[in-house]
Structure formats: structure tokens, C-alpha cells
Amino acid sequence: MTLDTGNLPSIDAQWHAAVGRLTGGLSPTALATAYVDWALHLAGSPDKQTELLGLALTPAPGKDTADDPRFADPGWSTFPFNVFAHNFLAAQSWWNQATTNLPGVDPKHGDIVNFTARQFLDMLSPANYAATNPLVWNRTQEEKGQNLIRGARYWMDDFNRLITKRPRESEGYKVGQQLATTPGDVVLRNDLIELIHYRPTTKKLQPEPILIVPAWIMKYYILDLTAQRSLVANLRDQGFEVFIISWKNPEQSDAGLSMQNYVDLGVRAAIAHIKSAGADQLHGVGYCLGGTLMAIVAAAFARDGDDTLRSLSLLASQVDFSEPGELGLFINESQVAFLEDVMATRGYLKADQMAGAFRLLRSNDLVWSRVIRHYLLGEHTPDNPLLAWNADATRMPAKMHSEYLRRLFLNNDLAKGRFEVDGTAVALTDIRVPIYCLATETDHVSPWTSVYRLSLLTDTDVTFVLTNGGHNGGVLSEPGHPGRRFRCGHKAEGNAHITAKEWFEINAPKDGSWWPHWTNWLKQNSGGPSDRHLKNTPALDAAPGRYVFG
């Protein structure tokens, strides 16, 4: 449908919104289409049916259940729990065979069926039930059932929070107290952003300040999490003047905000303010979707002959959405049209709908492991900064989110040179400033092989870095963080392209955090430290500002 925020939603939109409340925003039509495609091709493939029948009748070879983290505890090697685990893994293997390599099935439909089959099987894992989990069985005997009583209490708390729609609040971590505490000032506020300027701590400063653009689907303070895990404080202490955008959490009245608005009121407005304070050039940094937006603005600057950017750093950001990983399973024409109707009734996409999609991508880690710990073992997960930030989710305005899904995910306009800014297309190949591109090994939001495609789409110097960890944890790799490592490689303008697999094999891992490597790169692409500071502009509020509480 075409979004029209000035009229009442159609009957279709209201109906789809009602269905969406039951399905978490997922389109049942999209799922049914995939299953029909798979089922019809399976019905028409005697070879596949024979293969699956043979697998079902042949005893599965003894697989080491400890290879699956859910069954790593020694208790799973004892009878009868070893039988439960073995049979579950055999069923999982059978369903994987049934939903893959079926000739004629649309590849995306096959992936959807395989993904949903895994979700259903994960729910049925013997680890999720008290009677079939040896850890829970032993804990229940030891505590005479007190663990289950505590778990029932935790379940009631969560259920009450769900039906009353109260967000989960952290008791030990509050924004402005334990989180987002780096001293700074809000120096710009408009209808979409607050621009925060962090107070320098060094006498000499690099001449080019840094502007960080976080994703609008998250609160900015993931990059200023705590005093010990603050990327902005680290950059500040290395002699940079640091600015960061804090996005407004949209309301129904913001339904008409577009991608062009996010360019103009967001990145361009921030850059204009920094330049008005005396900066000739700056380093542009984008994280997640903020990196995609920063790349769009960089391409627009290059198209227009504007040399404002000294360098471009993209952290866990995609610019090519042809291989978006499993997140792409939720995005097709049917799903996007369904979401547009859901958003049309309220003007935005609810925060919990996006968060739910991310949880599905890692259901074992983010859903079922919590069920076992909380409700069966009776253990309450202690507060930590990342959990507190993760619970502080944001909404997305209807028009912008629709354009983002259609123009970037469905049509891949940015990678194909069709994405328009100011009514004219931009091309990544126009960018001539050096690029620092970071990816994380186990990223379920921006798979590293997808992020790596930037090197294929640009004609400038690209330093590509791959760190261990996930989408958030890999970026928050402060020096001294145990177990951190990273790989790095450089592609100069004019060098031949190599595949992601070849790049991985060529570049050996290095121990430690990638942060010092990046700050050295930034310094190499700066003009050299001086006593010059930007002009002070009136502070509207102290950091973290107002929008972060919305």
C-alpha cells in the first residue's frame, strides 16, 4: 500500500493491524506462501520423499550431544536424558534435510521454511522442560522444588508486565547515572535529533572533529555505555572533539518523517552546526543503520563536490542488502505491505516488534536459555549495562521505515546506484575519502560477509577490520577486554577485489581490541594536533539530553 498519514487507515489496514498484534507483526500470508511452495514441491518429488523415509527408518548415528551447547552439561550423557537429547538432534537433522536442497523451491521460501522449522523444534527441545532436563531435575531435588516456585514467581512478574505493557526497567543502571555518563552538552536540538558535544580532556586536539551517527532503532548510549565501556570517551581521550546524534523516539505525529528528513534534519543538520563552530572538515562515523545513512550522505557530498568529510568509518553497517542474512527472511513484498498496514494505524512501528524479530534470530540465546534460567532453575539474571540498554528500545516512523525497507532491503537501491537524495541518485563509487569498515564475526543483524561487500562497491582506499563478537559486543571491545581479537586488511584504490573467504584466509587474527587500531587510523587521516578548539556554542542541556528519555 501507499502510506497516507492524512487519512484514516483502510479496513484492510485495520484488519492487518489486528492480525499483526497476534503474530508479532509477521505476515501470515508470507509464511503460508513459503510453506505452500515447499509442500507442493515435496509432494512432487518422490526422490526426496524416499530419502526422508530412509532417514526416518534408519537409526541415526550416535552424535556427540555435547557439540550442542544446550546439551553440554555432563548430566545429558546419563540415561534417560541422553536418549532425549539424541532423539531431539536426530529429529532436528531430519527436518533440516526435509527443508533444504529441494529442487524447484524458491531459495528464499526454502530458507523461511527451514528457519520456522528450527524455531518450532527449538521450542520442543528437551532442555526447555523440567522433566527432561537433568540440570533442572537435579536442582529441583536439591532445593525440594523451591527453584520452580521462584520460577513461577518470575513468570508471573513477566506476565503481569506483558499484559500491563510496562517496559522492563533496570534497577541498577539508569541513564545519566550509571549509563551515558561522559560529560558533554546538547548543542543542537530540532524536531528529530539532539547533537551532543563531549567536553575535551586534552590540551591539543585533532583539527577534524568526529561526528557519530548511531542507528535510529537504538538509543545512542550503546556507544557511551559505562565509564569503562565508552567508545566516545575513548575517542575524546585520544585528542578528538566528539559529537554524537541522539535520535528522537518518534510518536504518531512523526508518521510522515521520511529518509530525506533523516538526511536533512539528522546528519546534515549536525554537520552544519559543527561547521558553524569552526570545523572545515570532519570524520564521519556511522554505526549499524547509522552507518548506512552516513554512507548515503557521504555519497551525496561526493556527488555535489563537497569535501566536508575527511574520512568515513562504518561500524557493523551494510550498504548492500542483497545478502542480509536471516533478517532478510522477514522482508519481502508481502511482509512489507503487511507492516505498512500495521504502521498506518498508529504512525510508527512499535519497539517490541523489531526487538522480537532480533530475538527470533537467536532464540536459543535470547529466549529459551532465559526460560530455563528464570522459570526452571529459578535464577534471576543480574542487571548489566547491556541488558539495560537493550530493554530501552525505540520506535520507527511509518514513512521512513517503509522507505528504508523498500528502497534498501527490497530494491537494494543504494548498492545499485538508484538511491535518491534531493531527488537525484547517489553512487557509492563517487566516494573518494578513505573508509574504515568494521564487521563482527557473529553478527546476526549485519553479517560480516554482507558488510564486506562495501569493498566491491567503492573505488577508494578501504581498511576492512573483522573483530570477534556480535553486533553490539564486538563493537564494544574496549582495550583490556579479555578474549578480544581482530583481523585487518587494506585495499588501496585500484587493487583487485578478493572474496570474503579469501580475505579471511589471508589476514591472520591479532590479539586485543580494535579500538587502538581505529584511533591510529583516524590520526593518520587527520591534520595533526593543535591548540585550536571549536567555538563554544550555547549548551541547551547537559548530556545525555532529553530525547534519550523518550
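Side chains are part of it too, since the values below use all heavy atoms of this structure and drop only hydrogens, waters and symmetry mates.
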Legend entry - Sequence neighbours excluded - ring pair (Phe, Tyr, Trp, His ring centres under 6.0 Å) pairs with any residue from residues 251-277: W216-Y262, W247-Y262
Inset, instruction - Can you tell me which residue pairs pass the ring pair (Phe, Tyr, Trp, His ring centres under 6.0 Å) test with a partner in residues 283-323, sequence neighbours excluded? - result: Y287-H471, F321-F409
Legend entry - Set of salt bridge (charged side-chain N to carboxylate O under 4.0 Å, His left out) partners for D237, sequence neighbours left out: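 Applying salt bridge (charged side-chain N to carboxylate O under 4.0 Å, His left out) to D237 gives none.
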Legend entry - From CZ (F464) to SG (C437), nearest 0.5 Å: 5.0 Å
Name all pairs fulfilling the salt bridge (Lys or Arg N to Asp or Glu O under 4.0 Å) condition that reach into [range], sequence neighbours left out, sorted by first residue then second.
range            : result
residues 251-272 : K248-D254, D264-R268, R268-D422
residues 217-232 : K219-D392, R229-E478
residues 501-523 : none
residues 457-473 : none

Go through the structure and list residues passing side-chain hydrogen bond (donor to acceptor under 3.5 Å, both in side chains) with [X], not counting sequence neighbours.
X    : result
S334 : S27
R310 : E208, Q281
T308 : K275, D306
D413 : R418

Legend entry - Sidechain N-carboxylate O distance under 4.0 Å for R406, E340: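 Salt bridge: yes.
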Inset, instruction - Tell me whether the guanidinium CZ or amine NZ of R236 lies under 6.0 angstrom from the six-membered ring centre of Y198 and within 45° of its axis. - result: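 Relative to the ring axis of Y198, which defines the angle, R236 lies outside at least one limit.
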Legend entry - Side-chain donor-acceptor pair present, T463, H490, cut-off under 3.5 Å: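 Yes, because at least one side-chain N or O of T463 sits under 3.5 Å from a partner of the opposite role on H490.
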Inset, instruction - Among residues two or more places apart or on two chains, list those pairs meeting side-chain hydrogen bond (donor to acceptor under 3.5 Å, both in side chains) that have a residue in residues 423-432. - result: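 Listed once each, the pairs would be none.
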